[in-house]
Each structure stands twice: as structure tokens, then as C-alpha cells.
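To start, the structure itself, in C-alpha cells.
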Protein chains: 2
Amino acid sequence: MGCWLNRLREKYQRHCDSVDRSSPRNKAEKILQREQELLQLAHQLVDEVGLNNLTMEKLVAVSPYSKGTIYNHFCCKEDLLAALGVHSMGLCSELMLKAQSFAGNSREQALAVHYAYHLYGLLEPALYMCVLNCKTPSVQEKASKQRLEQLEKVDKQIAQLCDSFFQKGLEDGSLRIAQQDIAYVSFANWACSFGTNLLLQNAAESFAISRLTETNRVLFNINLMFDGMGWQPVSTDYDYQQSWQKIELHFADYVAMLN
Amino acid sequence: MGCWLNRLREKYQRHCDSVDRSSPRNKAEKILQREQELLQLAHQLVDEVGLNNLTMEKLVAVSPYSKGTIYNHFCCKEDLLAALGVHSMGLCSELMLKAQSFAGNSREQALAVHYAYHLYGLLEPALYMCVLNCKTPSVQEKASKQRLEQLEKVDKQIAQLCDSFFQKGLEDGSLRIAQQDIAYVSFANWACSFGTNLLLQNAAESFAISRLTETNRVLFNINLMFDGMGWQPVSTDYDYQQSWQKIELHFADYVAMLN
DNA sequence: ACCTGAACACCGTTCAAGT
DNA sequence: ACCTGAACACCGTTCAAGT
């Protein structure tokens, strides 16, 4: 066995001492607590070595538990990835929820959700990719049933949260679409935001992106989308660049984490 | 050594006999020819086992060459993935090029590019994901320099091809944007199409998508985007669903491959 | 009941020996 | 010069033995 395992282990030794192991009320809670501990470790590990280099072996090495115990929590590597996906989407929806309290018109609030999503991608690039990973056949086939149900649940929560912003626009009259089109418009938005963030993060050096100046490319794309559905006020009548800056302030606590 | 390797090997035996090994003019050509052969095998393999289950071991097993020889072509697994990415983007641009010959106004031609891209995702789901994979840090760090240059080259070709459709719109006056905005609009389009296809392919069972009826969701999203940039005629004045069907006929040869 | 780690199949990569 | 496959480190998963 190489010495790299020992190096990893030492590095995470601090963690072992600092973790909160406060009074689990019963056996089930103890297990849940340990699972959270393992997920936190997996999260650190992924940030450090990248999603592709996350291995069960490494998680075992940095945790104080044995292989068998890890496999009691996660039935396979894909199950661990799915669990990380659930964790990731939880953090993401936490950020998105904060958009609700932004003081602005409904289109600006919807913009704030996109900001939250973008910020999330910047704060947690590996976890952002992890969510996509969870959709791949290998994860869908191998992860445990419960885990997939959890994934589906957060997935639905986030979708409904996103819908609610279009609902607001519909209610205040700034967005004139049919009620049943909300689902379509909401999907279009997700797709646009998802694609934009994914490409900006992963293909920044590609010709199509590197040639763009530092113009706010996320805002540009979202504006096209919102203008396309005729959401008032349209971008030629309103300074959304300024809204973006206000939104940035609204999320200042999180932006600070970017260093 | 398990017997699965032998099963794989037998399965691909036919290939070994049918491959074109016609008269390489010199050593360099022989090597190039073998590389194409290996890529074709890797392509088949990926279609069969999925991108995540492609291994060097399997490629060795299904090919008539040894590990050492495979490693003479691809310096590491990531280099193989990058080579598959180049292969993939070549096929993709082949489809996109065909959009140029679609008889329609400039917005319809641009729509045909989106159709080509979508069709490509349906025809080659694994290769579609492969291109994204090539952008990940692990591939960018480990693939050979030449391979990354090849990737960059096709990447640029495709970007310029996409730009040309907006250029046409600008020239015939249907699209009123500044010349220097083409790059931005082109990126927005790529991002939207990319996100839409990726999600439709990978997250079809997620709540946000499964609730949508069989409406043409790709067309819906692209229309929002094109309307957002004010590309004439806008979707409320024109039957783009009909255009879509015409485009489908234009690509009939490829559509047939979907079975 | 739950935990442990040895054991095994598979995978990525290298390189001494062969042609 | 190019090819081969044995060898090795690492990884995913299981399960007999221990508590």
C-alpha cells in the first residue's frame, strides 16, 4: 500500500477531532450523524481531488471507519455520488430560496434565482457537476432506491421553487403567458441557465467563449430568454445590469466565500 | 482473468475481418489508419457499455493489438477520451454543415443547425457526453498536447460555422444586432441548445421535464431565444413548427438511423 | 447486530524482453 | 524502431471472522 493513503489520512486528522459527535439520542440518529460526517468528508475530498478522482478507497482513508462501514452507508460508489448530489442540491436550493427576499420586481427576482444558480456553480464547481453526474445511466442504475427517491424529491422542490417566480410574474401582469405554459417557460430557463453555467465553467478557454469580453454573459443570455417571453420591463427599457449589482449585494455573504 | 474479456473479444471478431486495411502508402499512414480503426472500436464500445465503463483494458480486448501498442496511440485514458471527442465533434459538424443547404429564410436555417445538434444528441448520446467530458480538468490536464490542439481546432470550426448563420441574418436585415454582438448571441444560442439537449437526454424523468407534454421542447426554447433577439419573423408571426417538419425531411437520411 | 480488513477481480500504466 | 504482455499500484466490492 502506497504512502499517499497515509498522507491523505494525516491531512484529515484534524477533522476527526473537530467533528460534532454530540449525544446521538438513539442508534438511528447515530447512523444518520455518521452519514452526514462521511458526506462532509466526501465533499472536502471532491473539492480537493475533483469528482473524477473521488474513490471509495480515499473516503475510507480519510474517514475513521473501515470499508465495510462505508459500504453500510453507501451500497456502491454511485450511491455515494447520488448522496453527494442530494447534498449539493440542498445547498443550491438554500441559495435559490434567498432570491425570494430580494426587493425588486418579479423579473428581477427571477433574475436573482439565476444569480443564485450561477453563484452556486462558482462556489461549488465540483458539486455542480455532481448533480449532472447523478442523471447518468450508471448512477441511475446502481444507486439505492431510497437515494434516488431523495434525489427526485429535491429535484421537484427546486423545480417548484423556480416555477413560483414565473407565477409571480403572471400574477402581477408583467408576464403574459398561459398558466399551463409556466412549466415550459420554467424548463427553458433552467436549460439556458444550466447550459450557460456549465459552458462558462468548463469551456472557458474554448474559442466561442474566450473571445467574449468581460461583459456579463449570464445576464446577457437570461435577458434574451426573458425578453423572448415578453417579460416586462424588457431589457431595452430597464437597467438590469444595475439590478445584477444589487442582487450581488443581496448575496454578499456568499460572494465573500469566493475570496 | 475473467471470461468476460473473451466474450467481448469474440463479439468483435467480425470487425477484425471486415476492417479496411488497404495498402497504407507508408509507415505514418499505417499508424493513422490503425488509430482510426481503434477510434471506431472505441466508439462501438462506448455505445455498448457507456462512457463511464469504457476502459483501456476493454479496448485492448476488442482490438487485435496489445496494451503497449494502444498506449503508443493514446498516452493515457484521457487521451483516448479526447480523441473520441474530436471524432464526435467531427460527426457533429458534418450534421451542422448540412443545415446550410436547407431552403428557408435565415432564421429557419439557424433553426436547422439547432435541429442538427439535437439530432446528433439523439443519434450519439454517448459521444455527445464525451465532448463535455473533454472539457473537464482531468482530460485537459492529461491528454496529449496535440490532441488538445485538435480539440481546439474543431471547436473553433464549429463556433465559426454557428456564427455564420447569424451573419446571414444580419446581412438580410432580419436580425438587427451589432456586428460585434454576434459572438454573444452565438454563445447564448449554443448554451441554450446545449443545456436543453443535455437535460432532455439525461433528466427526462425529472419532475421539471416529465410533466411537459410532447410539445416540441427544443423548438420552444429556441423560439424564445430567437424572439428575444428580435429575429424576424418572430414566432407569433410564423409557423416554425412547420419549418421544423420540413427540416426533419431535409435530414431524413440521418433520422432514419434512429430506427 | 454491527464492524473489520483480507481477498479478489478489474483497471491504468510502465518497461524489460523480444522481433 | 516497434510490439508484447508480465508486473505493479490502485480501486470497487464482498464476506468470513471478530466484537
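Each chain gets a letter, A, B and so on, in the order the sequences are listed, and its residues count up from 1.
Side-chain N/O atoms of N72(B) include one lying less than 4.0 angstrom from OP1 or OP2 on dC3(D). Between T69(A) and the phosphate of dT4(C), there is a side-chain N or O to OP1/OP2 separation shorter than 4.0 Å. Phosphate contact (OP1/OP2 of dC11(C), side-chain N/O of K58(B), threshold under 4.0 Å): present. Applying the 4.0 Å criterion to OP1 and OP2 of dC2(D), one finds that R34(B) has every side-chain N and O outside that range.
R34(A) is linked by a salt bridge (charged side-chain N to carboxylate O under 4.0 Å, His left out) to nothing, counting only residues two or more places apart in sequence or in another chain.
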- Query: Taking only Watson-Crick and G-U wobble pairs with both distances under 3.5 Å, what dot-bracket line describes DNA chain C, where [ ] shows pairs that cross earlier ones and | shows pairs with another strand?
  - Reply: ||.|||||...|||||.||
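We find that CG of D79(B) is positioned 12 Å from P of dT14(C), with the value rounded to whole Å. Straight-line distance from the CE atom of M56(B) to the P atom of dA9(D): 20 Å, rounded to whole Å. Taking atom OH of Y71(B) as the reference point, atom C1' of dC11(C) lies 8 Å away to the nearest angstrom. dG12(C) atom P lies 14 Å from atom CZ of F74(B), rounded to whole Å. What separates NZ of K77(A) from P of dC11(C) is a distance of 13 Å, to the nearest Å. Across the protein-nucleic acid pair, E35(A) atom CD and dC2(C) atom P stand 14 Å apart, rounded to whole Å. In this structure, Y65(B) atom OH and dG5(D) atom P are separated by 14 Å, rounded to whole Å. Atoms CG (L59(B)) and C1' (dC10(C)) sit 16 Å apart, rounded to a whole Å.
K67(B) comes within 4.0 angstrom of a nucleotide base, judged by non-hydrogen atoms across all strands.
Side-chain atoms of Q36(A) and H87(A) include no donor-acceptor pair closer than 3.5 Å. Side-chain atoms of H114(A) and N189(A) include a donor-acceptor pair closer than 3.5 Å.
A distance below 6.0 Å separates the ring centres of Y128(A) and Y117(A).
Side-chain contact check for L39(B) versus V86(B): every heavy-atom pair is 4.5 Å or farther apart. V62(A) has its side chain out of reach of Q44(A): every pair of non-hydrogen atoms, C-beta onward, lies at least 4.5 Å apart.
Each of G68(A) and N53(A) was assigned the nucleotide of DNA chain D with the nearest heavy atom; the assignment lying further toward the 5' end belongs to N53(A).
To the nearest 0.5 Å, atom CG of residue L51(A) and atom OG1 of residue T136(B) are 9.5 Å apart.
The side chain of E57(B) sits closest to dC11(C) out of dG5(D), dC11(C), dT13(D).
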